[in-house]
Amino acid sequence: MATEAQGEEGGLVFHPMDQFIVKPLFGDGPVGLFTITNVTLWMALTVIAVMALLVLGTAKRATIPGRMQSIGELAYGFIYKMVEDVAGKDAVGFFPYIMTLFMFIVFANFLGLLPMSFTTTSHFAVTVVLALLVFFTVTIVGFVKNGSAFLGLFWVKSAPLALRPVLAVIEIISYFVRPVSHSIRLAGNLMAGHAVIKVFAGFAAIALVSPLSVVAITAMYGLEVLVSFIQAYVFTILTCVYLKDALHPSH
Amino acid sequence: MATETLGETTSTCVVDGSAVGMPQLCFDWWPNQIFWLLVTLAVIFFFLSRVALPRIASVLAERQGSITNDLAAAEDLKSRALEAEEAYNKALAEARTEAQKIIAEAKAEIQADLDDATAKPDAEIAAKLAESEKKIAETRASAMEAVKGVAKDTAGELVAAMGTKADARTITAAVNARMKG
C-alpha cells in the first residue's frame, strides 16, 4: 500500500488510490507485457495459496480428513453443488473451469486484505478479462449446444406477441451488459472498500480523530472480509446462472 | 493522461509517486495485468483439473464407499444379533415348557403314589368301621332284648304282687307299647 503523507502545511493529504499502482518489482522502468510487477507477485501468491489448499492439503488422501483437506473438500463440495444446482447436471463438465474462477477470486480477494498487499481483483483489467472469458464461454457453448435455438433466449415466448420485439431488444441489451456488470461489480466492490480504508487511515494523522479512525478501519476491515467472500460467491454463482442460460436457453 | 515530470515516472498514470485518477483505468498497465492473469488462470486450471479435483473426487467417492460398506456391515451384524436373540428366546421358552412338563409329571407321580398309599389304609379303616358298627348294633340289640325281658318279668311280678293275674301276652303288649313311647 502507498504512503499517507501529511502535507507540509499540516493539512491532510490522501492518496487512497496509490495502493492500486502497478509497478515493476525490480528496478524502475516502463511496465511492459512481460515485466514482473507486483501483479505478478500477488498472482503468484494466489496460485501458491490455491495449490497449498487443494494440492498439498489433499496430498495425504486421508479417508478421515485433516483440517486443510476438510477445507479443500468443503470448497470442492460448495462449488460442485452450486454448479449442479444452479447450472444443471449437464454443466458438471464446466466444474473445473468454474472452480478455477472461484478459487482465484476468493484467494486474490483475501490476499488483498493483508496489509501492504496488492489486490489484483480490484483492477478492471483483471475482472474484465474474467468476465469476458465467462461471456465468450457462455455464448460459444450456447450456440454450439443449441445452434440457432440459443437465440430463443431473447425471444420471450411467454410474453404477448406484440411485446416480444421490445423484450427482445431489452434482453439483447441485458445480455451484452452482463460482462460489464459482472466485472465492475467485483472490481468496484474491492476497490471501494480498500480506498475507504485508506481514507480512514489518512484521518489517523490527526491525534484527536485517530481512535475513531482505528475503530472505523476495524469495522471496514470486517466488512471487507465479508465482501471478499461474497463477491467471489456472487461472481461464481452468476457464472453458473449464465451457463444455465447457455445450456437451457428456453425461458 | 498526465503531464510529463522529471523523476522516475514509470507511466503517465503516476506523478511524483502517487496515482493520477484511477489506476484501474490506466491502460498502460492492462497488457501486463492481462498477461499475468492468463498465466495464473492457466496454471490454476491445469493443476486443478489434472491433480486436485480428481484427487478430491476420488477421496470423496472412497469415503462414500467405505461409509456405505460400513453401514451394510453394521446392518448385517445387527440382523445377526437379532437372530441370536431370537434363538436364545426360543431356547429359553423351550426350556421353560420342558421344566413345566417335568414338574407336572413329578406331581402326577407323587399324587399317584400318595393315592396308592392312602387307598389301602382307607379301605382297612372303612372295613374296621363297618365291623365295629355291626358289633355295636348287635350289642345294642341284645341289650334291648335283655331290657325287654327284664321289663316283662318286672311288670309280671309287679302285676302279680298287686294281686291281679295277667296273662303274658297282655303284659308283653303293654311293655312294648311303653318302650316305644
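Because the structure is a prediction, the values reported are computed rather than measured. In the text below, chain A, chain B and the rest are named by the order of the sequence lines, each starting its count at 1.
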Qualifying residues under side chain to side chain donor-acceptor pair (under 3.5 Å), relative to A:Arg185, sequence neighbours excluded = none

Say you draw a straight line from CZ of A:Phe124 to SG of B:Cys26; how long is it, rounded to the nearest 0.5 Å?
-> 13.5 Å

Crowding at CZ, A:Phe229 (>12 non-hydrogen neighbours, <6.0 Å) = yes

Please round to the nearest 0.5 Å and tell me the distance separating atom OG1 of A:Thr100 and atom CZ of B:Phe47.
-> 12.5 Å

Heavy atoms, side chains only, cut-off 4.5 Å: are A:Leu54 and B:Leu48 in contact?
-> yes

If you look at every heavy atom in A:Phe34 and B:Asn32, which pair is closest and at what distance?
-> C-ND2, 4.2 Å

Is the CD1 atom of A:Ile64 crowded by more than 12 outside heavy atoms at less than 6.0 Å?
-> no

Chain B heavy atoms under 4.5 Å from A:Val50: which part of the residue, side chain, backbone, both or neither?
-> side chain

Per-residue contact mode, B:Gln33 against chain A (heavy atom under 4.5 angstrom) = both

Taking C-beta and beyond as the side chain, do B:Leu37 and A:Phe104 meet within less than 4.5 Å on heavy atoms?
-> yes

Under 4.5 Å from any heavy atom of chain A - which part of B:Leu60 | side chain

Going by heavy atoms in the side chains, are A:Leu130 and B:Leu41 under 4.5 Å from each other?
-> yes

Is there a side-chain contact between B:Ile44 and A:Met99, using heavy atoms and a 4.5 Å cut-off?
-> no

Checking B:Thr40 against chain A: side chain, backbone, both or neither under 4.5 Å from a heavy atom?
-> both

Contact part of B:Leu38 toward chain A, heavy-atom cut-off under 4.5 Å: side chain, backbone, both or neither?
-> side chain

Close side-chain approach of A:Lys23 and B:Val14, heavy atoms under 4.5 Å | no

In Å, rounded to the nearest 0.5 Å, how long is the span from NE2 of A:His123 to CE of B:Met22?
-> 9.5 Å

Do A:Ile36 and B:Trp36 have side-chain heavy atoms sitting under 4.5 Å apart?
-> yes

Closest approach of B:Ala19 and A:Ile21, non-hydrogen atoms and distance?
-> N-CD1, 3.6 Å

Toward chain B: residues of residues 82-90 of chain A with heavy atoms under 4.5 Å = none

A:Leu53, part contacting chain B, at a heavy-atom distance under 4.5 Å | neither

Taking all non-hydrogen atoms of both residues into account, name the closest pair between B:Glu62 and A:Thr63 and its distance.
-> OE1-OG1, 4.2 Å

Looking only at non-hydrogen atoms, find the nearest pair between A:Arg61 and B:Ser58 and report the distance.
-> NH1-OG, 3.5 Å

What one should report as the nearest heavy-atom pair of A:Ala62 and B:Val59 is O-CG1, 3.6 Å

B:Gln24 side chain vs A:Ser122 backbone, donor-acceptor pair below 3.5 Å | yes

Do B:Trp30 and A:Val128 come within less than 4.5 Å of each other through their side chains, counting heavy atoms only?
-> yes

So does A:Phe203 have more than 12 non-hydrogen atoms from other groups sitting under 6.0 Å from CZ?
-> no

